[in-house]
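Presented below is the structure to which this report refers.
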Amino acid sequence: MVRESKPKDFGLPDLENAAGPVRMRVAPNPSGPLHIGHSRMAILNDEYVKRYGGACISRFEDTDPARIDPSAYDSIPVDLEWLGVKIHETIIQSDRFDLYYEVAKKLLNMGKAYVCTCRPDDWRELKAKKMPCPHREEPVESQATRWDRMFDGTYAQEEASLVVKTDLSHPNPAIRDFVGLRIDETPHPRTGTRFRVYPLMNMAVAVDDHELGLTHVLRGKDHLNNTYRQQYIYSYLGWKEPVYVHYGRVSMEEVQLSTSKMSAGIAEGLYTGWDDPQLGTLASLRRRGIKPQAIRRYWIETGIKEVDIAFSWQTLNAFNKELVDDTAARYFFVDDPVRMLLKASSPLTAHAPVHPAHPERGVRRLLVPVGSAVFLSGSDVPREGIRIRLKDLCNAVYRDGTLHFEGNDLSVLKDGIRIVHWVPEKSAEAEVRMADGSVRKGLAEIGLKSAKGEVVQLERFGFVRVEETSPLIRCVYTHR
RNA sequence: GCUCCCGUAGUGUAGUCCGGCCAAUCAUUCCAGCCUUUCGAGCUGGAUACCCGGGUUCGAAUCCCGGCGGGAGCACCA
């Protein structure tokens with residue numbers, strides 16, 4: 001028995017036929033910003049290119065002029081860079097139309113494609129019955145004439161298209177003849193009205209994957225039938241196919257990923273922008289303090305199986321916490337603050353560690369003068385006569401709406417006394433924007449103002465990223 | 001309806017090709033205990049799974065057959 005033991009301490013399985021350097025690609029269509037789903041494709045490609053050497057090509061698939069958000073040309077590279085995805089070359093499909101035309105013409109001349117001027121519905125209907133449309137078998141010369149007419153304006157939108165022949169009797173209706181190029185008069189954000197004939201995905205992708213010399217193509221399994229279609233083009237032209245790998249669908253709850261719904265929500269004011277914490281965009285995750293390394297680890301551990309999976313925020317958050325816990329400074333933030341006199345005979349000073357595991361990082365000094373008050377979270381206000389521990393400050397008993405100093409003996413902790421966080425009377429206004437869109441308002445210790453841009457831990461509340469410190473402190477919730 | 005793909009714990013994942021070291025791995029999660037001046041971290045222990053039914057075999061998560069379940073596609077979007 002010959003059994004190669006494959007050590008699996010490294011998450012991803014090896015790629016088939018990957019002896020030397022590979023050429024792979026990330027191919028987003030610039031219809032909106034990248035979201036967590038896109039990051040899987042980008043990271044998997046990046047991981048393999050890093051493992052085998054070679055190149056990762058970024059390709060903008062902007063062949064549908066009606067579905068382009070021009071800002072995506074700029075935001076996508078930013079997102080990829082943030083993810084740590086190394087891009088070696090970048091191409092834009094709208095720069096390459098001549099190439100697609102050339103290949104289309106070649107297929108036409110070979111009799112592997114035809115210009116169809118049927119009404120789309122009629123053509124589809126015939127296809128469903130495994131029947132050719134009248135234009136399918138017309139001679140090459142007449143195909144060429146009508147091909148030229150697609151460009152000169154004789155035909156309007158939907159009046160003609162170039163169809164790639166496959167096998168009309170194919171049992172899978174999704175594989176039978178598919179449209180390769182069509183007419184669209186919508187101005188393109190980059191090329192304006194220079195072109196009116198646009199390649200469709202299968203045409204453009206097949207040509208580019210070949211031209212770029214890709215060795216491996218990773219894609220969602222929703223593209224399985226597209227792979228089969230593209231293989232017809234490869235075989236007609238005698239091209240060598242890359243290795244295709246199809247991974248399963250990811251279902252994601254609690255977060256909006258649909259470009260159209262996100263943009264509608266932003267317009268309605270439902271979201272603060274593309275980086276609203278309720279959205280699944282990479283901009284949102286970045287804003288919330290999720291580290292790209294956590295996202296990378298998540299997708300590596302998920303792998304590239306063809307099974308459909310449910311995305312787990314819990315797991316991603318756990319990975320992220322592992323990354324930020326050691327560096328995050330600790331602060332007190334009191335949510336829903338309740339003011340409460342603290343009766344003590346002498347002034348008190350708290351020496352709260354910046355990080356409990358790193359005493360060398362120092363302490364936060366919080367002063368409570370005689371006769372002043374502290375703030376507690378509404379949910380922490382004790383019942384009458386109950387003793388609590390104000391963390392890093394003192395013990396106190398709650399009586400008649402007031403806290404009474406009860407010394408600083410830490411042995412009370414053994415009795416299971418409740419430890420609560422608090423802030424002094426002189427504190428800063430702060431708010432935390434939560435992942436569900438709500439905003440928690442409260443008070444934070446003044447020192448939090450110096451943490452702008454950092455991911456910190458608000459003790460007993462959770463990790464947050466501090467995004468503004470003036471006029472008030474504004475944070476975005478990361479996770480617990 | 002047609003075509004294709006896939007079914008290991010709550011969620012992912014290893015093992016499936018080449019049957020035995022798998023009374024099933026790892027991570028996350030949950031529970032308990034320890035520790036700790038955070039509901040954070042750490043440590044220890046525990047919990048939960050091979051979709052079902054047949055068959056082949058000394059032996060099946062792994063091979064065969066049949067069910068069942070889930071997903072994708074059947075666009076002049078990608």
Side-chain angles (χ1 to χ4, degrees), chain A residues 1-9 11 13 27-31 61-64 66-67 116 118-120 123-124 127-128 157-163 170-176 178-184 197-202 204-205 219-229 246 248-251 297-303 305-319 321-322 324-326 328 330-332 350-353 355-357 379-380 389-395 408 410 412-413 417-421 457-463 479-480:
Chain A
M1 196 190 306
V2 193
R3 180 182 285 263
E4 294 173 44
S5 59
K6 296 181 209 162
K8 278 289 181 281
D9 43 332
N29 81 312
S31 61
E61 303 198 331
D62 57 347
T63 56
D64 182 355
R67 299 195 196 194
C116 177
C118 292
R119 286 178 34 221
W123 176 73
R124 266 195 295 269
K127 217 169 62 143
Q157 275 185 216
E158 299 217 331
E159 284 184 358
S161 62
L162 180 134
V163 178
H170 200 289
N172 183 349
I175 312 291
R176 296 173 204 153
F178 62 90
V179 176
L181 294 98
R182 48 84 191 251
I183 297 168
D184 196 329
V197 177
Y198 287 86
L200 258 11
M201 173 210 171
N202 283 303
V205 165
R219 49 166 55 149
K221 75 173 185 186
D222 45 320
H223 284 297
L224 208 51
N225 286 332
N226 288 320
T227 297
Y228 298 143
R229 291 197 264 237
H246 299 92
R249 301 268 296 177
V250 182
S251 65
R297 179 174 168 204
Y298 185 86
W299 290 127
I300 289 174
E301 295 206 4
T302 297
K305 294 211 307 185
E306 213 167 305
V307 292
D308 299 327
I309 58 164
F311 185 83
S312 168
W313 287 102
Q314 209 174 37
T315 302
L316 178 68
N317 288 343
F319 291 167
K321 192 191 286 176
E322 215 168 282
V324 298
D325 182 60
D326 193 64
R330 268 56 173 170
Y331 292 97
F332 287 150
H351 299 270
H355 193 295
S379 56
D380 280 334
R389 167 83 189 162
L390 297 178
K391 188 167 185 291
D392 303 310
L393 185 71
C394 68
N395 305 330
N408 212 350
L410 285 177
V412 297
L413 297 175
I417 192 172
R418 184 174 170 80
I419 299 167
V420 304
H421 61 285
Q457 190 202 45
L458 304 180
E459 293 195 52
R460 296 180 72 234
F461 184 87
F463 291 85
H479 47 62
R480 213 169 65 135

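Residue numbers start from 1 in every chain, and the chains themselves are labelled A, B, ... in the order their sequence lines are given, proteins ahead of strands.
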Original post:
Contact class for A:A310 (heavy atom, under 4.0 Å): base, sugar-phosphate, or nothing?
Top reply: sugar-phosphate
Subject >> Nucleotide of B:U38, B:C39, B:U13 approaching A:I309 most closely (side-chain heavy atoms) >> reply: B:U13
Under 3.5 Å, which N/O atoms of the protein pair with N/O atoms of nucleotides 28-34 of chain B?
| from | atom 1 | to | atom 2 | distance (Å) |
| --- | --- | --- | --- | --- |
| B:U28 | O2' | A:T315 | OG1 | 3.1 |

Original post:
Is the backbone N or O of A:F311 less than 3.5 Å from a side-chain atom of A:Y298, with the two atoms forming a donor-acceptor pair by type?
Top reply: no
Original post:
Looking for any heavy atom pair under 4.0 Å, which part of the strands does A:F178 touch: base, sugar-phosphate only, or nothing?
Top reply: nothing
Original post:
Taking atom P in both B:U44 and B:G59, what distance in whole Å separates the two?
Top reply: 41 Å
Original post:
Taking the side chain as C-beta and beyond, is there a heavy-atom pair between A:V420 and A:R460 under 4.5 Å?
Top reply: yes
Listing time: all N or O pairs from protein to nucleotides 43-50 of chain B that are below 3.5 Å?
none

**OP:** Calculate the interatomic distance between A:R460 atom CZ and B:A41 atom P; express it in whole Å.
**Re:** 15 Å
Original post:
What stem regions, each of at least 3 consecutive Watson-Crick or G-U pairs below 3.5 Å, can be found for RNA chain B?
Top reply: B:1-7 with B:68-74, B:10-12 with B:26-28, B:29-34 with B:42-47, B:51-55 with B:63-67
**OP:** Take the protein atom CD1 of A:I300 and the nucleotide atom P of B:G12, then report the distance between them rounded to whole Å.
**Re:** 18 Å
Original post:
Between A:D392 and A:R330, is there a salt bridge with N-O shorter than 4.0 Å?
Top reply: no
Original post:
Taking atom P in both B:C68 and B:C76, what distance in whole Å separates the two?
Top reply: 33 Å
Subject >> Nearest-Å distance once atom C1' is located in both B:A9 and B:U48 >> reply: 5 Å
Original post:
For every nucleotide of nucleotides 71-78 of chain B, 5' to 3': is a protein heavy atom under 4.0 Å from its base (B), only from its sugar-phosphate (S), or from neither (-)?
Top reply: SSBBBBBB
Original post:
Over how many whole Å does the gap from A:N317 atom CG to B:A27 atom C1' extend?
Top reply: 15 Å
Original post:
Could you give the CZ-to-P distance, from A:R330 to B:U36, as a whole number of Å?
Top reply: 17 Å
Original post:
What pairs with A:W313 under side chain to side chain donor-acceptor pair (under 3.5 Å), at least two apart in sequence or on another chain?
Top reply: none
**OP:** For A:F463, report the nucleic acid contact type (base, sugar-phosphate, nothing); a contact means any heavy atom under 4.0 Å.
**Re:** sugar-phosphate
Original post:
Sequence neighbours excluded, which residues qualify as side chain to side chain donor-acceptor pair (under 3.5 Å) partners of A:K391?
Top reply: A:E459
Original post:
Rounding to the closest angstrom, what is the interatomic distance between B:C22 and B:C2 at atom C1'?
Top reply: 40 Å
Subject >> Nearest non-hydrogen partners of A:I417 and A:V412, listed with the distance >> reply: CG2-O, 3.6 Å
Original post:
Expressed as a whole number of Å, how far does the P atom of B:U11 sit from that of B:C51?
Top reply: 13 Å
Original post:
Counting distance only, does the side-chain N/O of A:D308 pair as donor-acceptor with the main-chain N or O of A:R249 below 3.5 Å?
Top reply: yes
**OP:** Would you mind classifying the nucleic acid contact of A:E306 as base, sugar-phosphate or nothing, using non-hydrogen atoms under 4.0 angstrom?
**Re:** sugar-phosphate
Subject >> Gap in Å between the two P atoms, one belonging to B:C77 and one to B:C65, rounded >> reply: 41 Å
Original post:
Would you say the side-chain atoms of A:R219 pair up with the backbone N or O of A:H246, donor to acceptor, closer than 3.5 Å?
Top reply: no
**OP:** Not counting sequence neighbours, which residues clear side chain to side chain donor-acceptor pair (under 3.5 Å) with A:R297? List them please.
**Re:** A:E301, A:E322
Original post:
A:H355 side chain to A:D325 main-chain N or O, any donor-acceptor pair under 3.5 Å?
Top reply: yes
**OP:** Determine the interatomic distance between P on B:A78 and the same-named atom on B:U13; round to the nearest Å.
**Re:** 30 Å
Subject >> side-chain contact (heavy atoms from CB on, under 4.5 Å) against A:N202, all qualifying residues, sequence neighbours excluded >> reply: A:F178, A:N226, A:R229, A:Q230
Subject >> With sequence neighbours excluded, residues passing ring pair (Phe, Tyr, Trp, His ring centres under 6.0 Å) with A:H223 >> reply: none
Original post:
Once you round it to whole Å, what is the distance between C1' of B:C6 and NZ of A:K305?
Top reply: 9 Å
**OP:** Measure the distance from NE2 on A:H355 to C1' on B:G42 and round it to the nearest whole Å.
**Re:** 12 Å
Original post:
If each of A:H421 and A:P171 is mapped to the nucleotide of RNA chain B with the nearest heavy atom, which maps nearer the 5' terminus, i.e. the 5' end?
Top reply: A:P171
**OP:** Could you please name the option among B:U38, B:U37, B:U13 that lies closest to any side-chain atom of A:D392?
**Re:** B:U37
Original post:
To the nearest Å, how far apart are A:F461 CZ and B:G40 C1'?
Top reply: 14 Å
Original post:
When the C1' atoms of B:G19 and B:C63 are considered, how many whole Å apart are they?
Top reply: 7 Å
Original post:
Counting distance only, does the side-chain N/O of A:R176 pair as donor-acceptor with the main-chain N or O of A:K127 below 3.5 Å?
Top reply: yes
Subject >> Listed partners of A:F461 passing ring pair (Phe, Tyr, Trp, His ring centres under 6.0 Å), at least two apart >> reply: A:F333, A:Y477
Original post:
Taking only residues two or more places apart in sequence or in another chain, which ones pass side chain to side chain donor-acceptor pair (under 3.5 Å) with A:E158?
Top reply: none
Subject >> side-chain contact (heavy atoms from CB on, under 4.5 Å) partners for A:A310, two or more places apart >> reply: A:S251
Subject >> Protein-nucleotide distance (A:L413, atom CG; B:U37, atom P), rounded to Å >> reply: 7 Å
